[in-house]
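First comes the structure, then the notes that go with it.
Proteins come first, then strands; the chains are lettered A, B, ... in the order of their sequence lines, and each starts at number 1. The analysis underlying the following values was restricted to heavy atoms, covering all of them including side chains, and did not include hydrogens, waters or symmetry mates.
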Amino acid sequence: MTGPVRVRFAPSPTGYPHVGNIRTAMFNWLMARHTGGKLVLRIEDTDVARKVEGAVEAIMDGLKWLGLDWDEGPDVGGDYGPYYQSQRLELYRQATERLVAQGDAYYCYCSPERLEEMRAEQVRLKQPPGYDRHCRDLSPQERAEQQAKGITPVVRFKVPLEGQTTYNDVIWGDITFEHGTIDDFVLLKSDGYPTYHLANVVDDHAMKISHVIRAEEWISSVPRHLLLYRALGLAPPQFVHHPMILGPDRAKLSKRHGAVSILEYRAQGYLPETMLNFLSLIGWSLDDKTEIMSREELVDNFSLERIGRTGAIFNREKLDWMNGVYIRGLSTDDFAQRALPFLEKHLPTPVKRPLSADYVREIVPLIQERARTLVEVAGLAEFFFLDELEYDAGLLIGKNMDRQLAVRTLKTAENGLEQLASFDTESLEDLLRPMAVELGLKTGQLFGTLRVATTGRTAAPPLFQTMAVLGKERCQRRIAAALAMLERSPR
RNA sequence: GGCGCAUUCGUCUAGGGGUUUAGGACACCUCCCUCUCAAGGAGGAGAUCACCGGUUCGAAUCCGGUAUGCGCUACCA
């Protein structure tokens with residue numbers, strides 16, 4: 001059992017909130033809540049060029065949607081702010097100066113062009129690419145000469161040429177890297193901003209982070225960070241790397257695999273409780289059978305030890321299934337309320353807005369157990385709202401029936417319905433079941449024809465309930481329309 | 001190319017030396033329920049535990065190698 005942790009989610013505001021990143025946030029959040037610790041949100045906006053307007057808001061939006069709250073961050077403040085790295089430049093500058101003064105870092109005047117050529121050459125010679133340490137041992141004069149040219153240098157870390165660094169990953173165990181395979185990476189860019197490596201180390205320490213929980217793709221930067229911690233005389237946090245989310249081709253999940261933003265899933269009608277549950281099961285499991293877990297159960301049972309080591313493909317079909325489970329678990333009111341905006345948005349344009357909340361509440365129980373996403377609700381419920389139904393008249397003629405029989409069936413129903421005093425489910429059943437016998441039809445034949453006439457489709461919610469919601473007048477109108485269609489259609 | 005890591009049903013996973021004829025879930029198939037669809041219930045099919053060798057009385061489980069895959073290899077994070 002781990003004591004209260006201080007963990008952080010440190011996204012870079014360069015785009016939409018990717019489900020992979022949100023899952024990382026979720027693991028951090030779970031860990032914070034499980035141990036009674038703190039989650040800090042830190043914005044790693046050190047890449048001026050790639051910064052995207054509105055990205056921070058989108059990320060927060062995604063987090064809030066899933067109910068992943070943070071204890072410290074740009075909007076809520078905290079004792080270790082500011083929480084935008086762009087506002088902490090002085091800290092990085094100081095650390096850099098110290099490293100240079102100690103001889104652990106140096107100014108590098110190499111132009112981007114030179115670096116590019118060098119890399120191309122290395123690739124051509126099939127050598128491991130990496131900085132060739134051209135500026136590592138410049139004399140004071142040489143430095144002065146470069147400086148005189150007006151070149152703004154970057155600062156690089158002086159990686160030891162020999163030795164190795166081993167660390168113990170909570171999930172992967174001991175991992176060892178030879179220093180010889182690590183090049184002199186950049187600490188401070190020429191624009192005065194730090195690189196991810198420097199900023200990460202400085203901030204994780206300054207913010208007293210106890211566990212760094214992030215995706216597997218960062219494993220190879222751990223030795224660099226460890227070297228930095230050591231040079232700065234700081235104690236490193238625990239490192240926890242979780243496996244990544246993969247696309248169907250087993251490559252890192254990306255845009256070309258389809259929806260990757262958590263906000264897209266919201267727009268597609270997935271419930272936040274589904275997403276939280278589903279994401280938690282990618283790379284983590286409670287036991288051999290538990291799958292549906294509430295936020296509380298997740299918090300109570302979460303543990304780093306049960307995070308796996310293999311990347312997992314994002315399985316949309318299973319997501320759909322799980323969302324269906326959650327949708328069916330909602331109260332009618334809750335479901336109606338959640339479905340309403342999706343109906344407003346996705347119902348065909350001829351349908352008048354705003355929708356009647358009362359009518360929607362009547363409809364919704366009939367589709368709740370048939371919908372797997374909130375978007376699907378619109379398609380499933382469409383016929384409840386349309387004035388004109390469009391379908392192939394042939395569908396009115398059921399199995400072992402002919403046109404004439406279909407006409408007779410509809411006319412009989414028309415008359416029967418006319419006589420009906422109260423148009424509720426029970427009355428409809430009492431009228432229609434005997435009617436099938438009377439017509440010499442199987443119930444399926446009668447109901448099928450009526451279903452097509454009243455809904456325009458062969459698959460719909462149960463007939464009597466559907467008709468009751470539709471109402472007498474609308475049903476009659478539709479049956480009359482069906483009759484007209486049959487008459488009109490070519491024999 | 002270098003470094004690091006991984007490999008159990010199509011997919012997500014449980015299992016970490018004998019309790020396993022390898023368990024569960026999604027998807028798939030059959031049947032039941034039934035006015036259609038959905039939901040639900042009962043079954044079924046699906047994994048030589050990547051491969052090869054070793055350790056052991058015994059290996060999916062431990063060790064080594066091979067293969068394959070993935071990640072990293074920027075003045076991006």
Query raised in the report: In whole Å, what separates the C1' atom of B:U7 from that of B:U61?
Result: 14 Å
Report task. Can you tell me the pairing partner of B:C70 across any strand shown, Watson-Crick or G-U wobble, with both distances under 3.5 angstrom? Result -> B:G4
Query raised in the report: Do any of residues 152-162 of chain A sit with a heavy atom less than 4.0 Å from RNA chain B, and if so which?
Result: A:Val154, A:Arg156
**Report entry** Integer angstrom distance from the P of B:U21 to that of B:C26
**Finding:** 26 Å
Query raised in the report: Which part of the nucleic acid, if any, lies within reach of A:Cys108 when heavy atoms closer than 4.0 Å are counted: base, sugar-phosphate only, or nothing?
Result: nothing
Query raised in the report: Within the structure shown, what part of the strands sits under 4.0 Å from A:Ala312 by heavy-atom distance: base, sugar-phosphate, or nothing?
Result: sugar-phosphate
Query - hbond_proxy A:Lys289 side chain to B:A25 base (donor-acceptor, 3.5 Å cutoff) - result: no
Report task. Would you kindly say whether A:Arg224 and A:Asn200 are connected by a side-chain donor-acceptor distance under 3.5 Å? Result -> no
Report task. Go through the side-chain N and O atoms of A:Asn323 and A:Thr373 and say whether any donor and acceptor fall under 3.5 Å apart. Result -> no
Report summary line: In whole angstroms, the gap separating P of B:A77 from OH of A:Tyr193 amounts to 12 Å
Query raised in the report: So, does the side chain of A:Ser220 form a donor-acceptor pair with the base of B:C3 at under 3.5 Å?
Result: no
**Report entry** Heavy-atom side-chain proximity of A:Asp132 to A:Arg114 below 4.5 angstrom
**Finding:** yes
Requested in this report: Report yes if a side-chain nitrogen or oxygen of A:Arg119 is closer than 4.0 Å to either non-bridging phosphate oxygen (OP1 or OP2) of B:C75; otherwise report no.
Outcome: yes
**Report entry** Under 4.0 angstrom between A:Lys252 side-chain N/O and B:C72 OP1 or OP2
**Finding:** yes
Report summary line: Under a 3.5 Å limit on both distances, the Watson-Crick or wobble mate of B:U11 is B:A25
Requested in this report: State plainly whether the residues A:Arg93 and A:Glu90 are in salt-bridge range, i.e. N to O under 4.0 Å.
Outcome: yes
Query raised in the report: Is the A:Phe302-A:Trp284 ring centre distance short of 6.0 angstrom?
Result: yes
Query raised in the report: For the pair made of CG in A:Leu432 and P in B:U36, what is the distance, rounded to whole Å?
Result: 14 Å
Query - Distance below 4.0 Å between A:Arg328 side-chain N/O and B:G40 OP1 or OP2 - result: yes
Query raised in the report: Taking the P atom of each, how far is B:G65 from B:G2, in whole Å?
Result: 16 Å
Query raised in the report: Are the side chains of A:Thr454 and A:Phe383 in touch, meaning some heavy atoms are under 4.5 Å apart?
Result: no
Requested in this report: With the side chain of A:Thr310 defined as its heavy atoms from C-beta on, choose the nearest nucleotide among B:U36, B:C35, B:U13.
Outcome: B:U13
Report task. Select base, sugar-phosphate, or nothing to describe what A:Asp287 touches, counting heavy atoms under 4.0 Å on all strands. Result -> sugar-phosphate
Query raised in the report: Want to settle it: does A:Phe177 or A:Phe314 sit nearer the 5' end of RNA chain B, counting the closest nucleotide to each?
Result: A:Phe177
Query - Distance test, side-chain N/O of A:Arg224 to OP1/OP2 of B:A77, below 4.0 Å - result: no
Requested in this report: Name the orientation class of the two ring planes belonging to A:Tyr167 and A:Phe177 (parallel below 30°, tilted from 30 to 60°, perpendicular beyond 60°).
Outcome: parallel
Requested in this report: Would you classify A:Arg306 as touching base, sugar-phosphate or nothing, given that sugar-phosphate means primed atoms plus P, OP1 and OP2, and contacts are heavy atoms under 4.0 Å?
Outcome: sugar-phosphate
Query - Candidate nucleotides B:U36, B:A39, B:A77, ranked by approach to the side chain of A:Trp218 - the nearest - result: B:A77
Report task. Using the P atom on both, measure B:C63 against B:C72 and round to a whole Å. Result -> 27 Å
Query raised in the report: Taking RNA chain B as the partner, which of residues 40-48 of chain A come within under 4.0 angstrom of it by heavy atom?
Result: A:Glu44, A:Thr46, A:Asp47
Report task. Find the distance between CZ (A:Arg156) and CG (A:Leu99) and round it off to the nearest 0.5 Å. Result -> 15.0 Å
Report task. Would you kindly give the CZ-to-P distance between A:Arg316 and B:A25, to the nearest whole Å? Result -> 23 Å
Report task. Verify the distance criterion only: is there a donor paired with an acceptor across the side chains of A:Asp47 and A:Tyr196 at less than 3.5 Å? Result -> no
Requested in this report: Indicate yes or no: does A:Glu414 engage A:Lys411 in a salt bridge with an N to O separation below 4.0 Å.
Outcome: no
**Report entry** Nearest-angstrom distance, P atom, B:U19 to B:G64
**Finding:** 25 Å
Query raised in the report: At under 4.0 Å between heavy atoms, what does A:Thr176 touch on the DNA or RNA strands: base, sugar-phosphate, or nothing?
Result: sugar-phosphate
Report summary line: If pairing means Watson-Crick or G-U wobble with both distances under 3.5 Å, then the partner of B:C57 is B:G18
Report summary line: Between CD of A:Glu178 and P of B:C3 the distance, given in whole Å, is 9 Å
Requested in this report: Kindly indicate, with the supporting measurements, whether the criterion side chain to side chain contact (heavy atoms under 4.5 Å, CB included) is fulfilled by A:Leu432 and A:Phe447.
Outcome: CA-CA 8 Å; A:Leu432 265 13; A:Phe447 299 165; 3.9 Å; yes
Requested in this report: Could you check which nucleotide pairs with B:A45 in any of the strands shown, counting Watson-Crick or G-U wobble with both distances under 3.5 Å?
Outcome: none
Query raised in the report: Taking the same atom, P, in B:A59 and in B:C51, what whole-Å distance lies between them?
Result: 15 Å
Report summary line: Comparing nearest nucleotides in RNA chain B, the 5'-proximal residue of the pair A:Gly444, A:Ser111 is A:Gly444
Query raised in the report: Counting any heavy atom closer than 4.0 Å, what does A:Met322 reach on the DNA or RNA strands: base, sugar-phosphate only, or nothing?
Result: nothing
Query raised in the report: Rounding to the closest angstrom, what is the interatomic distance between B:G23 and B:G44 at atom P?
Result: 11 Å
Report summary line: Here the distance between atom C1' of B:A14 and atom CG of A:Leu286, to the nearest Å, is 11 Å
Query raised in the report: Do any side-chain nitrogens or oxygens of A:Arg457 fall under 4.0 Å of OP1 or OP2 in B:C37?
Result: no
Query raised in the report: For A:Leu380 and B:C37, what is the distance between atoms CG and C1' respectively, to the nearest whole Å?
Result: 9 Å
Query raised in the report: Are OP1 or OP2 of B:C12 and a side-chain N or O of A:Arg250 less than 4.0 angstrom apart?
Result: yes
Query raised in the report: Taking any strand in view, what nucleotide pairs with B:C51 in a Watson-Crick or G-U wobble way, both distances under 3.5 Å?
Result: B:G65
Query raised in the report: Taking CH2 from A:Trp321 and P from B:U11, how many angstroms apart are they, rounded to a whole number?
Result: 18 Å
Query raised in the report: Starting at NZ of A:Lys189 and ending at P of B:A77, how long is that distance when rounded to a whole Å?
Result: 4 Å
Query raised in the report: How about A:Phe314 and A:His257: are their ring centroids closer than 6.0 Å?
Result: no
